[in-house]
Amino acid sequence: MNIDKKFSQIKNAAELSVQEAQHFSDILTEYFRSDRSERFGQYEQDLTKKLPQMFGFLEFNNLIEFAHRYFMFCRTINPKENTDSKQKKISSDVLSPFSKRLKLILEDQKLLPLDYKPKAKNVILQTRHAQTEGAYAPGKQIFALSKALIKNGCKVKVISHGDVDNQFKNLMRIDPNFHVTHKRDLTPFEKLLELRAEATHFEPSGIFTDEELGVLTAAELIGLPSKCFLLSAGFYRTPWYTKILLTEELMTDELRKDKRFHEIPQALVLENLAPPVEESKVFDAKNKLRLEKKFILASFARYEMFSEDYLHFVNDVLEAIDNSIFILAGHNDQTVAKRILKKHDSNGRVRILGPSNISILGHVCDVFLDTFPTTTGYAALESFAKGKPVFTLECDNLGNYRKNRLEELIFKDKSNLVHHLARAANDADYYNTIKLSSLKFIKKVENLEGLANALMSEISF
């Protein structure tokens, strides 16, 4: 049975049966298998109506995993709807029924609230992956938080259930106040028991996570003496956790009025934004992609971030700048990009790549062109750190992201943006000036002292 027929059966069922519940799961699986194809957007509204029934078929392990996948489906199916009202709807339609089902399951488990006296300088950071390179951007923030808290005299324990890279391992070797607990292939319930055991032994004053919903949600619902914090990567309308921590790009005047939201500086470790790379690897990448003696523009993001308007603009840029090549790289469905950029893909002036090593690819390009109408996050900061100027179009969603952009490289209209991109390609003095400005500008993000102060003000009891 194809996806459309499975969806029709779900939509028309007054009450879901086991068969429709399986179809529901199949549709979600196919969404991620198809690189998050935007065509699945037609199913979202009706599937969400059936979600409370779907949750009723799931026990703890499947509930945690399925709810997170469905949450990500709603978050990524339409980047244009990355609005506060959309977040409130996801909170109401997805997180609320998830919480109701989770509470019922936890009552049956009869787990008691934890009871310990939190130690002011003990902190747990829970993350999917303790890594500073690759596509998992929150790992860079977790590493920065670790260093900031250690410098403030804290003992820090990172719990990772995925990858752990050498940056984290090296910090553990050199600092006795830092430890990484690394256990893979645990079920969600095993992760919950492990988190409770670690908290009981370590007695943290604060537990931080980059997971919008997961085992910390369950642990907090059962009862924890520790304060719990979400390090928001963009979504912040969670009905749980003591506080939601937002970087300056995400904080708005409206959110400042709500005491649940707390602003922290965008503080990252520069060596993680631009790790050392052998020149030979950059040279090899240029040769492999046939980029020698070209002016290289690039953008790195999930493919749903490359809007049709943006992709048409890429065509305009390539027409305006001779000897230029544009690189797109990232996860998910490339269909729209290949359709709109077909001409320049055929003539060799576009490279449409999948997930790539941005530590190398970022050094290959000359400039980074910000996405619009939704701007990029860490990818832009990483480009600045490599001395690659980031050109940005003024757009509604720029908002507070403007604080982490060079004002002189934000342009009010497309024609002016094209003009200055062409100037960067043809005027060496101009290019060198904005390159140096980029390197100077990015140094402000290594504000570990400010980050530690912002965190400790919330941890203290």
Side-chain angles (χ1 to χ4, degrees), residues 118-133 136-160 165 167-168 170-172 174-175 177-180 204-211 216 226-236 241-252 255-256 259-275 377-382 384-385 400-405 440-461:
K119 295 178 180 176
K121 291 285 188 173
N122 286 10
V123 176
I124 286 178
L125 306 178
Q126 184 206 33
T127 183
R128 297 184 186 97
H129 299 287
Q131 59 183 40
T132 57
E133 295 185 26
Y136 192 67
K140 297 178 178 65
Q141 188 180 38
I142 292 290
F143 188 77
L145 261 67
S146 298
K147 294 197 75 171
L149 291 167
I150 290 168
K151 284 188 175 183
N152 199 266
C154 291
K155 292 181 179 180
V156 177
K157 177 169 288 191
V158 172
I159 299 176
S160 172
D165 71 9
Q167 287 273 53
F168 281 88
N170 290 338
L171 184 57
M172 183 166 56
I174 65 176
D175 200 309
N177 290 321
F178 181 73
H179 182 77
V180 179
S205 59
I207 302 177
F208 296 81
T209 186
D210 52 31
E211 298 185 65
L216 181 55
S226 308
K227 295 180 180 179
C228 299
F229 303 92
L230 173 66
L231 299 163
S232 174
F235 191 89
Y236 47 80
Y241 301 140
T242 311
K243 287 285 181 77
I244 311 300
L245 305 181
L246 298 166
T247 57
E248 54 195 356
E249 300 101 327
L250 299 173
M251 183 63 83
T252 65
L255 296 179
R256 285 191 182 91
K259 292 183 178 180
R260 285 198 71 230
F261 302 106
H262 180 67
E263 185 172 346
I264 61 174
Q266 177 63 280
L268 297 166
V269 179
L270 289 179
E271 64 190 83
N272 293 336
L273 294 177
Y378 284 137
L381 300 179
E382 290 172 348
F384 275 130
N400 285 338
Y401 280 87
R402 149 175 250 119
K403 296 178 181 178
N404 281 322
R405 298 293 187 271
K440 182 179 179 181
F441 172 77
I442 198 62
K443 289 181 180 179
K444 75 170 189 174
V445 305
E446 194 160 272
N447 178 20
L448 296 184
E449 182 179 353
L451 178 59
N453 291 337
L455 295 173
M456 295 307 295
S457 68
E458 292 301 313
I459 292 173
S460 59
F461 282 80

Using only atom types and a distance under 3.5 Å, with no angle test, would you say the side chain of [X] pairs donor to acceptor with the backbone of [Y]?
X	Y	answer
Ser205	Asn122	yes
Thr127	Ala130	no
Lys155	His179	no
Asn152	Cys154	no
His262	Ala454	yes

Taking the side chain as C-beta and beyond, is there a heavy-atom pair between [X] and [Y] under 4.5 Å?
X	Y	answer
Lys227	Lys243	no
Phe168	Ile142	yes
Leu246	Glu263	no
Glu211	Leu216	no
Lys403	Gln266	no

Exercise for the section: Going by the side chain to side chain contact (heavy atoms under 4.5 Å, CB included) test, name the single residue among Leu125, Asp210, Ile264, Leu451 that passes it with Gln141. Expected result: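 The side chain to side chain contact (heavy atoms under 4.5 Å, CB included) with Gln141 is passed solely by Ile264 among Leu125, Asp210, Ile264, Leu451.
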Exercise for the section: Would you mind telling me which of Phe229, Phe235, Tyr236 makes a side chain to side chain contact (heavy atoms under 4.5 Å, CB included) with Ile244? Expected result: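 The passing option is Tyr236.
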Can you tell me how far the [atom1] atom of [X] sits from the [atom2] atom of [Y], to the nearest 0.5 Å?
X	Y	atom1	atom2	answer
Leu230	Thr242	CG	OG1	11.0 Å
Leu455	Leu145	CG	CG	5.0 Å
Asn404	Leu381	CG	CG	5.0 Å
Asn177	Ser146	CG	OG	12.0 Å
Ile150	Ile174	CD1	CD1	8.5 Å
Arg260	Leu255	CZ	CG	11.0 Å

Problem - Non-neighbouring partners of Lys119 that pass salt bridge (charged side-chain N to carboxylate O under 4.0 Å, His left out), sequence neighbours left out - result: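 Result, salt bridge (charged side-chain N to carboxylate O under 4.0 Å, His left out) vs Lys119: Glu203.
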Exercise for the section: Mind running side chain to side chain contact (heavy atoms under 4.5 Å, CB included) on Met251 and Arg256 for me, showing each step along the way? Expected result: CA-CA 7 Å; Met251 183 63 83; Arg256 285 191 182 91; 3.6 Å; yes
Problem - Shortest non-hydrogen contact from Pro204 toward Ser226 - result: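 Shortest heavy-atom contact: O-OG, 2.6 Å.
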Exercise for the section: Check the pair Glu271 / Thr132 against side chain to side chain contact (heavy atoms under 4.5 Å, CB included), numbers first and verdict last. Expected result: CA-CA 9 Å; Glu271 64 190 83; Thr132 57; over 6 Å; no
Exercise for the section: I would like to know whether Lys147 and Val156 meet side chain to side chain contact (heavy atoms under 4.5 Å, CB included); could you show each step before the answer? Expected result: CA-CA 9 Å; Lys147 294 197 75 171; Val156 177; over 6 Å; no
Problem - More than 12 heavy atoms from other groups under 6.0 Å of NZ on Lys444 - result: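 Yes.
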Handout entry: More than 12 heavy atoms of other groups within 6.0 Å of Glu248 CD
Key =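 Atom CD in Glu248 is crowded, with more than 12 foreign heavy atoms closer than 6.0 Å.
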Handout entry: Tyr401: side-chain contact (heavy atoms from CB on, under 4.5 Å) partners, not counting sequence neighbours
Key =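 Per chain and number, Tyr401 pairs via side-chain contact (heavy atoms from CB on, under 4.5 Å) with Glu249, Leu250, Thr375, Leu398, Arg405.
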